[in-house]
Trainee: 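Would you mind keeping the following structure in view while I ask a few things?
In what follows, every heavy atom counts, from backbone to side chain, and hydrogens, waters and symmetry copies are set aside. The sequence lines fix the lettering, A, B, ..., with proteins before strands; numbering per chain opens at 1.
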Protein chains: 2
Amino acid sequence: MTPQRPRTRIQRRNIETILEAALEVFSAQGFRGATLDQIAQAAGLSKPNLLYYFPSKEAIHVELLSGLLDVWLAPLRAMDPAGEPRAEIMAYMHRKLEMSREMPRESRLFANEVLQGAPRMSALLGSELKELVDEKAAVIRAWSEAGRIAPVDPYHLIFSIWALTQHYADFDVQVRAVLGPGRDPLDEAGRFLDTLFERLLAP
Amino acid sequence: MTPQRPRTRIQRRNIETILEAALEVFSAQGFRGATLDQIAQAAGLSKPNLLYYFPSKEAIHVELLSGLLDVWLAPLRAMDPAGEPRAEIMAYMHRKLEMSREMPRESRLFANEVLQGAPRMSALLGSELKELVDEKAAVIRAWSEAGRIAPVDPYHLIFSIWALTQHYADFDVQVRAVLGPGRDPLDEAGRFLDTLFERLLAP
DNA sequence: GTCTATACATCGATAGAC
DNA sequence: GTCTATCGATGTATAGAC
C-alpha cells in the first residue's frame, strides 16, 4: 500500500510522479508488458526508489486501478434522475466521449485489465460497478416506461455508450489507420453518436 | 515462418495444435503475458518442440494474427452492394455478433494487439483493412444518398458495428459482472442491436 | 531518501542425446 | 522429431553504502 498520509511534499510529489509514469507505461504495454525499468525512466527515478514508495510492481498497478474507478464512474454518477431524460443520456454519452479524448491512457488501462479477465478488479466490477449500473438502469427503465424515451433495454443502452465511446480511445490506432491522416476521429464521433442516440431514444 | 508445405500429417497436426494452444494463451494473457511454457503445456508438447515448428515466440504470434485477418474481415466482405441495404447491414452486424459468441478468443487476440498500438499489425491496418472499409463505406454512402437508408456517416457506422459487437467478447467479464448470473448477454445484445440499428437506419 | 550492486527467479532459445 | 539439460538475457526485488 501507499503510505497513507505522506508527510512531506516530496513524498506526495514523488508518488504522483510514479503513478503518472506508471499510467503511461501500463496503459501502453499492459501489466506484464511493462517493466519497472520503463516506469523508473519515465518517472526520472531509480528502480529501487520506486520500490521505496511502493512495495511491488503489482501494488503500483492496483493503486492506479482503484484510484481510477471513481473518476471512471463519475460521468454515470452524474446522470440526474430529475433531469430531462434524453438530455441526461446524451450528456452522459458526451462526458464519456470527452474522457476518451482527454484520458485515453486511463481507458486503455481499464481495457487491458478487463480484457484479461480483470484479475485485479473483478471484485469491484461485481460490487461497486454493478450497484451503480443497477441504480442508473432503474432510472432509465422508469423514463422508458413513462414514455419519455423510446422503449430500450437500459443495461444494454449503458453498455452501448461504453462500447461506442471507449472504442475511440482503445482502438485509436485502428480508427486512424482506416480514416487516414488529417481528420479528428473524436470530433466526427461526437456528431455521429448524437445522431445515433437521438434516433434510438426519440419516443 | 511456418514450413510452407508440411509434408507429413503429424507436422500439420502439431502446427494446428500449437496454434490452437497459442490462441488460447495469447488471447487470455496478451503477447508479453504469455509464456512458451504455458503454450507448450496447453498443446501437450515440450517447449523445445514448439521451437522446432516455429522459429520464435513472435513467429507464432504473427502466424496467428495474419492467418486470422481474412476470417475477421469475411463478414464485411460478404456485404453485398446489390442486396437490400438495411438487410445487408443488419446481416453484417449479426455475423459480427455471432463471431463474438463463437470466436471470443480471436476477438480478444485482436483487441490485445490493437490496444497496444498494433506493433505487429499496423501495416495490415493501413492497407488491407483500410481498402476494404473504403470500398464498403462507398457502398453505404451510395445507399444513404439514394435515400434507401437514413443519412449516416458510413465509416462511423462501421466503427459502431465493430465496437458494439466486439464489446461483448472483449469485455465479457465486465458485462457478466453487471448483468449477474443466469443471463445470456449475447442473446440480449442481438435484440438490443436489432432495435438500435433499425432506428438508426430507417429512412 | 536515493543510489550502486547484486541476489534470485523467469523466460526465450539452443545444445546435444536418443 | 522429441526429449532433458542448460545458457544467456531480462526482470523483480533486496542489501547496504552514503
Trainee: Specify the separation, in whole Å, of atom OH of B:Tyr52 and atom P of C:dG16.
Mentor: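 Checked: the OH to P distance equals 18 Å.
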Trainee: Which whole-number value in Å describes the distance from A:Ile15 CD1 to C:dG1 P?
Mentor: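 In whole Å, C:dG1 P lies 10 Å from A:Ile15 CD1.
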Trainee: Any side-chain donor paired with an acceptor under 3.5 Å for A:Asp172 and A:His167?
Mentor: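 No.
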Trainee: Tabulate protein N/O versus nucleotide N/O from nucleotides 3-7 of chain C, keeping only pairs under 3.5 Å, one per line.
Mentor:
| unit_1 | atom_1 | unit_2 | atom_2 | d |
| --- | --- | --- | --- | --- |
| C:dC3 | OP2 | A:Ser46 | N | 3.4 |
| C:dC3 | OP2 | A:Ser46 | OG | 2.7 |
| C:dC3 | OP2 | A:Asn49 | ND2 | 3.2 |

Trainee: Strictly distance-based, threshold 3.5 Å: is any side-chain N or O of B:Lys130 a donor or acceptor partner for the main-chain N or O of A:Gly180?
Mentor: no
Trainee: Taking only residues two or more places apart in sequence, or in another chain, which ones meet A:Phe159 in a ring pair (Phe, Tyr, Trp, His ring centres under 6.0 Å)?
Mentor: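 Ring pair (Phe, Tyr, Trp, His ring centres under 6.0 Å) list for A:Phe159, sorted by chain: A:His156, A:Trp162.
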Trainee: When all nucleic acid strands are considered with a 4.0 Å heavy-atom cut-off, which category describes A:Ala34: base, sugar-phosphate, or nothing?
Mentor: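 If one applies the 4.0 Å heavy-atom cut-off, A:Ala34 turns out to touch the sugar-phosphate alone, with no base involved.
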Trainee: What is the distance, rounded to the nearest whole Å, between atom CD1 of B:Ile18 and atom C1' of D:dT2?
Mentor: 12 Å
Trainee: Round to the nearest Å and state the distance from B:Leu36 atom CG to D:dT2 atom P.
Mentor: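 Rounded to the whole Å, the gap is 17 Å.
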Trainee: Atom CD1 of A:Ile60 to atom C1' of D:dT12: distance rounded to whole Å?
Mentor: 11 Å
Trainee: Starting the side chain at C-beta, find the nucleotide from D:dA13, D:dG1, C:dG12 nearest to B:Thr8.
Mentor: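 Given the options D:dA13, D:dG1, C:dG12, the side chain of B:Thr8 is closest to D:dG1.
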Trainee: Between A:Tyr155 and A:Asp134, do the side chains contain an N or O donor and an N or O acceptor separated by less than 3.5 Å?
Mentor: yes
Trainee: Rounded to whole Å, please give me the gap between CG in B:Leu50 and P in C:dA13.
Mentor: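 Result: 11 Å.
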Trainee: Measure the distance from CD1 on B:Ile10 to P on D:dT2 and round it to the nearest whole Å.
Mentor: 7 Å
Trainee: D:dG11, D:dT2, C:dG12: which one has an atom nearest the side-chain heavy atoms of B:Thr35?
Mentor: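 Of the candidates, C:dG12 comes closest.
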Trainee: Nearest of C:dT14, D:dT2, C:dT2 to any side-chain atom of B:Leu51?
Mentor: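 The nucleotide sitting nearest to the side chain is C:dT14.
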Trainee: Find out whether A:Glu63 and A:Ile15 are in side-chain contact, i.e. whether some heavy atom of one side chain is under 4.5 Å from a heavy atom of the other.
Mentor: no
Trainee: Are the side chains of A:Val71 and A:Met99 in touch, meaning some heavy atoms are under 4.5 Å apart?
Mentor: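 The answer is yes, as the side chains (C-beta and beyond) meet within the 4.5 Å cut-off.
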Trainee: Phosphate oxygens OP1/OP2 of D:dG11: is one of them under 4.0 Å from a side-chain N or O of B:Arg32?
Mentor: yes
Trainee: By ring pair (Phe, Tyr, Trp, His ring centres under 6.0 Å), which residues pair with B:Phe31, not counting sequence neighbours?
Mentor: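 With sequence neighbours excluded, B:Phe31 shows a ring pair (Phe, Tyr, Trp, His ring centres under 6.0 Å) to B:Phe26, B:His61, given in chain and number order.
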Trainee: Please report the distance, rounded to the nearest Å, between CD in B:Gln11 and C1' in D:dT2.
Mentor: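 Rounded to whole Å, this separation is 13 Å.
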